[in-house]
Structure formats: structure tokens, C-alpha cells
Number of protein chains: 2
Amino acid sequence: MAAVDYDLVIIGAGPAGLTAGIYAARARMNVLLLEKAVPGGQVLVTDWVENYPGFPEGISGYDLAEKMRVQAVDLGLKIDTSEVHSLNISKDSKEIVLKDKSIFTKALIITSGASPNTLHVGEDKFVGKGVSYCGTCDGPFFKEKTVVAVGGGDTAVQEALFLTKFAKKVYLVHRRDELRATKILQERALGNDKIEPVWDSIVTGLDGFFGLEGVKVKNVKTNEEKTIKADGCFIWIGILPNTSFLNDSVKTDEYGFICVDETMQTSVSGVYAAGDVRDTPLRQIATAVGDAAIATLSAEHFIENN
Amino acid sequence: MAAVDYDLVIIGAGPAGLTAGIYAARARMNVLLLEKAVPGGQVLVTDWVENYPGFPEGISGYDLAEKMRVQAVDLGLKIDTSEVHSLNISKDSKEIVLKDKSIFTKALIITSGASPNTLHVGEDKFVGKGVSYCGTCDGPFFKEKTVVAVGGGDTAVQEALFLTKFAKKVYLVHRRDELRATKILQERALGNDKIEPVWDSIVTGLDGFFGLEGVKVKNVKTNEEKTIKADGCFIWIGILPNTSFLNDSVKTDEYGFICVDETMQTSVSGVYAAGDVRDTPLRQIATAVGDAAIATLSAEHFIENN
């Protein structure tokens, strides 16, 4: 094999990437973790985590991410801030193309996560001026304001509940007539005086001059349109894999999530995927850490045998 | 469906079972967790855990198990101390036979774990004080120490090689005069300066006062006995699934571990397995919690749809 810079490179420092880093550093592998922004991933913007086993009182997403980062770094993991542009992984020595240079590795674990879907109704114009994908980040700016929350899954309902800590009123806009979220969350949301569901409805536009002033919604059964006067609009309508650098280098499913076998290996030998970016039945911190432990063991065996 | 006592019963309260309990209780399911002994499973006897993400300083196995138990119970999980004798799960209403009675459930998650085969030379006394069954877990605690590794299969040889990253010397004790492991692993082990094979030998005793100090071995051909001075003794002579109650009710692999699909469903609809008891490529706390989160979501969907 041609000379490599690392035995293992991990792309993305969410819970999956940090777990892979913990296992790899502990196994004394020659490993580098690449993160384009701040370690922690989506967990960073998660207000409160109460279903990651080991924290009976719950823990803020920020604190949990930071604990994982410190654990990995203390075990010797090197984390570089760098965005991956593309991959050339058809040869044994796998090339990872960064902005200014390429690095070469024997094995690769992709843990680049996933990002929230957007409504495509011109919300870009209002991001930071009323539109947000993160209650934790922006909720506190909406004290005693009226906000619209869009979506019906766990994240949407959990975040809508969080918003009630600040907002005086939360309209929960969902395109169906019942929520998809876990029952306990549904009960909490529908029993909360500040939350008013807007059933069978989609967002068709956003109004405002300097900042957001109203959210246009259409009832998909009656076609009736109305504008909800609101200072904020929080959007939680699904997620997309963060795989712009992939360019068909590994096999993905119809939504772009990376297909893996039970050892977390992708369609390319020596290349693994773990966490939200893979074709998993569930995207949770618990599943990300499980995936990543398996992926790292698999990568370790691959490196030993090649 | 005939009347059931519970929507979901979970068998075994290690990390997988407690995680399933956390998810199920949070989803307000009518759920019972059965544990024959004390909640915690093998983690209870794990001295120190430093690769479960979220605990930068590490945590004792006992404390981690207790945190998971408290978390589950605080979320409303009911845990009963009861041993499962057998299962009748061919019908929709699944029967779990206990000592004095049967209980009936719509869905079932088996998280009964696995147990390492033991040498029966009094190693219980030294577990967490030098004796270990997991190199990935405990290898890093033996930096510059001398250790004995027992076994000759793939796991034993792979783990012995892993130990050379930390220990200054690894005696590999095997009862035959050649290893069973894959040739490439054999070659690597026998070519490794730190590994010294001790052929035709069995462990007959363990020495030490507070912690392990020596491993007694006997050559089965010459009957010669000697004591190897060692700080650690890693035993890899097989692992057995805790499935005495199964009686072929679900499909298992050749070693008795339960086969599951990617949703953690077994060969029986509505019956799931998670953690060490399933046919997993890796047995860790991280993988147990990941499996269990998926199994519980799958069980929840099954219950909703049946």
C-alpha cells in the first residue's frame, strides 16, 4: 500500500464521530477526527436529553457533547477543524480532499450526521430574523412572543414544548390531523395551554419587512388560507444526510443515507458509516454510539488484515 | 387478541434491558422489566468503564448500572425480580412462564445477556482486580504490565494482539500445541515479540492477596506446574448466551445467540432481542444501548399496528 498519513480518519464530530474517536484513541490507533465546525453535531442544539442512558436527571445536549469531546481528547484523540470536499476511495490508500490539501488513510468512518429539512418558502430571508431550526439557540429571544412551530414528529413536539418556556403562544402546524411523536410527548403538547395545534395545514409563505411578522398557512383539506401573526417560526420537518462530499463513492438509499452491513461497512471495503448519516431505523444518541463502537472495531480489524 | 397483562415485557436488566425500559417508559407503554437477580447485568461486576461515551473521567460499572436503573425507574418503569422459566410465543398473546405464574404480553424484548465461560479456578475473587474477560474494555488499564491471556481461538488471539499495545509482555496460554485462530492471526501473534505462547497448558489456579499476582499453569503433557508472575489474566474461552428459557422458540446462530434483523426483530413477529444475547459483532455497553433503543421503537410500532 502507498504511504498513508493515518490508519483511520473519522469525518464528523457528533456523538457517533466522538465515540469512534474514543474507541480508536483507546485502541492506540493512528487516528484523526475531522470536523468542519464545532464538535458535538446536532446534539449541541438539543436543549435537554433524558433518554441517553446514564443520566438520571437528564443532561443538556451541549453538556453531553462537551463531555464526549473531553473524553475523546483526554484519551488522546486529535481533532482538526477542516471541511471535507471530496473522497477518492477506490484504492487501498484512501484520499480525503480538504480545502488546501489531501490526506490519505487506510480506513475511514463517515459520521457526518444529518441536517434539518427546509420549507422552501423563502425562509432563508428570515433566518436569524424570526425563522429558526433550533429552539435551544433561539427560543430565549421569543419571550412573551407568539411563535409557529412546524412538524409533528418527536423533535417538533419536543421543541414546541421547550418554546412554551419563553413564548406566550405556540401554534403547532402539522400537515396531518394527528401527531407522529411518541405518546408521552403528544399528551404533553396537547395538554399544554400555550400550544394550539393547527391540523391538516402546511406553511405556504412568510410575511415581514425587517423581521418575520406572519406565517401563511393553508388547510390541505379545505384549501382555506390564513396568516398567523407571529414573531417566530421554528421548522422541524425531517432531515437530510450531510453527504455533499460523497459523490456516489459509496452506496446510499433513496434518501441519500449511507447503506451499511451489520459491521457498519459501506459498499467500499475499509469505509464505514455510523450514526445519523447511515440508513438506520432510528436516529438517537444511543444508536449513534452503538453504531460507532461497531464501526471502529470493524475498521480496526480491517487495518490489521490489510 | 386474548387479554394480555402488558404491552411489552423486557427480559433481563443489563444496559440493554434498562435502555429498553427507559425508552418504553418514556413512550408511556404498559411495560414490565423482569430481572432474575440484581439490575445491571455484567456491568455490575465491571470495575471501571472508560469507553461509554459521556463520562470523561470514567465511571465504575456499578455506578453506571445504578444510574441507568434510577433513570428507568424515575421515568416510571416497573422492575420485577423473577426468573423466566420458558416462553410460549407462537400465538399473538405471548406467554412468559415464571416460577409461580405466567404473564402474557403483546411484545417481548429479550435482553438476557451473555456470560463468559469460566476456568473454575477461583477467578471470581479477582474479577476487577486483575482478571478480565474483555481486552477492549480493560486492556488499556495494563500499560507496561505483564499479563496472561488464556485461549486459542480467534477472539483470544485477536485480543492478545490488542493487549500488546499496552502490556510489556503477554503470555498466551493454550491447552493445545497450536492455535485454533485464523492463520493470519496466528502468524501475527507468534511473530509478535511481546507474545510468548505457553503450549499444552491449562490454568490451575490464581495467586494474589489484594489483586492478582500470579497465574498457575500446568503442562498437560508433562504435568509440570509453574507460576507465571502477572498483573492481569484475560480469559477468552468462549462466551455463552443466557438463553436457558428459550427452548428453540426463536432462531439462534450455531453458538445459541439470537438472530435478529436490522430492526432487532427475531424470527418471531413481535419478539425482539438486543445487547449481548443477540448475534452481534461487538458486545459493549454502547452497542447494548443502541440495540435496545431500536428494539423498543420496533416493539412500539409493532404494538401500535397489531
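Below, chain A is the first sequence line, B the second, and so on; all start at residue 1.
- Of the possible donor and acceptor atoms, none in the side chain of Gln284(A) sits under 3.5 Å from a partner among the backbone N and O of Ile294(B).
- For the options Asn305(A), Ile285(A), Val70(A), Leu297(A), heavy-atom pairs under 4.5 Å to chain B are most numerous at Asn305(A).
- Within residues 252-272 of chain A, the residues having any heavy atom under 4.5 Å from a heavy atom of chain B are, by residue number, Glu262(A).
- By number of non-hydrogen pairs under 4.5 angstrom with chain A, the leading residue of Pro56(B), Ala293(B), Ala288(B) is Pro56(B).
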Trace of the side chain to side chain contact (heavy atoms under 4.5 Å, CB included) decision for Arg26(A) with Lys165(B): CA-CA 10 Å; Arg26(A) 222 170 157 254; Lys165(B) 295 183 178 186; over 6 Å; no
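- Taken from CZ in Phe55(B) to CE in Met68(A), the straight-line distance is 9.0 Å, to the nearest 0.5 Å.
- Contact annotation for residues 183-195 of chain B against chain A (heavy-atom separation below 4.5 Å, listed by residue number): Ile184(B), Arg188(B).
- Residue Glu66(B): no heavy atom, backbone or side chain, is found under 4.5 Å from chain A.
- Here Asn51(A) is the residue among Val73(A), Leu18(A), Leu282(A), Asn51(A) with the most heavy-atom pairs under 4.5 Å with chain B.
- Ranked by non-hydrogen atom pairs under 4.5 Å with chain B, the options Pro53(A), Ala27(A), Gly290(A) are led by Pro53(A).
- Atom CD of Glu304(A) has more than 12 neighbouring heavy atoms from other residues, nucleotides or ligands inside a 6.0 Å radius.
- Without hydrogens or angle criteria, Arg28(A) side chain to Phe162(B) main chain gives no donor-acceptor distance under 3.5 Å.
- Within a 6.0 Å sphere centred on OH of Tyr62(B), heavy atoms belonging to other residues, nucleotides or ligands number 12 at most.
- Residue contact with chain A, scored on non-hydrogen atoms closer than 4.5 Å, is absent for Thr182(B).
- Taking Gly135(B), Ala292(B), Ala286(B) one by one and counting their heavy-atom pairs under 4.5 Å with chain A, the maximum is reached by Ala286(B).
- At distances below 3.5 Å, not a single donor-acceptor pair connects side-chain atoms of Glu50(B) with backbone N or O atoms of Gln71(A).
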